[in-house]
Amino acid sequence: MTPRPARAARAATGSLLLVLVAGCASGTGAPATTAAPAAAASAVAPSSAVPPSTAVPPSTAVPPASVSPAASTPAPDATRRLAVAWAGGRATGDTGKVAVAVGTPVEITVTSDRADELHLHGYDLSAALTAGGSATLRFTASLAGVFELELHGADRELLRLQVG
């Protein structure tokens with residue numbers, strides 16, 4: 001048989017625990033007050049309850065950034081613009097190997113001091129160049145690989161476009 005003082009201590013501890021739980025679940029930040037065990041048990045809010053002041057109505061909920069339509073649409077200024085000048089038998093500007101990602105819109109403008117034909121191998125794009133004029137190739141880099149941009153008449157490589 002258990003002595004009475006131990007039973008009373010257990011009952012007091014249980015009541016105190018119940019009061020503390022009720023005070024924590026109220027969400028008000030106010031200190032817990034002593035109450036009868038039956039009253040404290042009825043004051044405990046379910047753990048899934050959200051205080052009305054913090055609830056967000058579904059019509060004003062903001063979608064995560066990854067769902068935003070703007071994140072999946074390339075910006076108008078996403079075009080990779082390259083400029084090459086051919087003068088005196090030398091190419092200057094965006095020459096050498098130029099890397100772009102697959103799917104990137106590309107615009108290559110070439111100015112020349114002599115008439116020639118501009119050609120991008122692999123994409124089979126070409127444009128006529130007039131002496132002192134310029135020509136522009138616009139396309140989407142949809143093929144992976146390395147492609148030469150050359151002047152056909154001068155048989156000179158202006159750049160190598162690396163797509164990948």
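Side chains included, hydrogens not; waters and symmetry mates left out as well; all remaining heavy atoms used.
- Residue pairs satisfying the ring-ring contact (aromatic ring centres under 6.0 Å, His included) criterion with at least one member in residues 88-111, sequence neighbours excluded, are absent.
- Applying the salt bridge (charged side-chain N to carboxylate O under 4.0 Å, His left out) test to every pair with at least one member in residues 112-124, sequence neighbours left out, gives these pairs: Arg114-Asp116.
- Every pair tested for ring-ring contact (aromatic ring centres under 6.0 Å, His included) that includes a residue from residues 77-98 fails, sequence neighbours excluded, so the list is empty.
- Take Thr111 and apply the side chain to side chain donor-acceptor pair (under 3.5 Å) test, not counting sequence neighbours, and it matches no residue.
- With sequence neighbours excluded, no residue satisfies side chain to side chain donor-acceptor pair (under 3.5 Å) with Arg156.
- To the nearest 0.5 Å, atoms CG (Leu82) and OG1 (Thr109) are separated by 8.5 Å.
- Contacts of Thr140 classified as side chain to side chain donor-acceptor pair (under 3.5 Å), with partners at least two apart in sequence or in another chain: none.
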Expected list for residues 126-134: side-chain donor-acceptor pairs under 3.5 angstrom, two or more places apart:
none

Compile the donor-acceptor pairs under 3.5 Å between side chains in residues 92-99 and protein atoms, sequence neighbours left out, one pair per line.
{"from": "Asp94", "atom 1": "OD2", "to": "Ala83", "atom 2": "N", "distance (Å)": "2.8"}

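- Nearest heavy atoms, Val102 versus Ala144: CG2-CB, 4.2 Å.
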Could you give the side-chain donor-acceptor pairs of residues 157-164 under 3.5 Å, partners two or more places apart or in another chain?
{"from": "Glu157", "atom 1": "OE2", "to": "Arg160", "atom 2": "NH1", "distance (Å)": "2.8"}

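- Residues forming a side-chain contact (heavy atoms from CB on, under 4.5 Å) with Leu125 (at least two apart in sequence, or on another chain): Leu120, Tyr123, Leu137, Phe139.
- The shortest non-hydrogen separation linking Ala141 to Val100 is CB-CG2, 3.9 Å.
- Following chains of ILVMFWY side-chain contacts shorter than 4.5 Å, one cannot reach Ile108 starting from Val146, and the two form parts of different hydrophobic clusters.
- Among residues at least two apart or in separate chains, salt bridge (charged side-chain N to carboxylate O under 4.0 Å, His left out) pairs with a member in residues 126-155 are Glu107-Arg138.
- Identified under the ring-ring contact (aromatic ring centres under 6.0 Å, His included) test for residues 99-122, with sequence neighbours left out: His119-His121, His119-His152, His121-His152.
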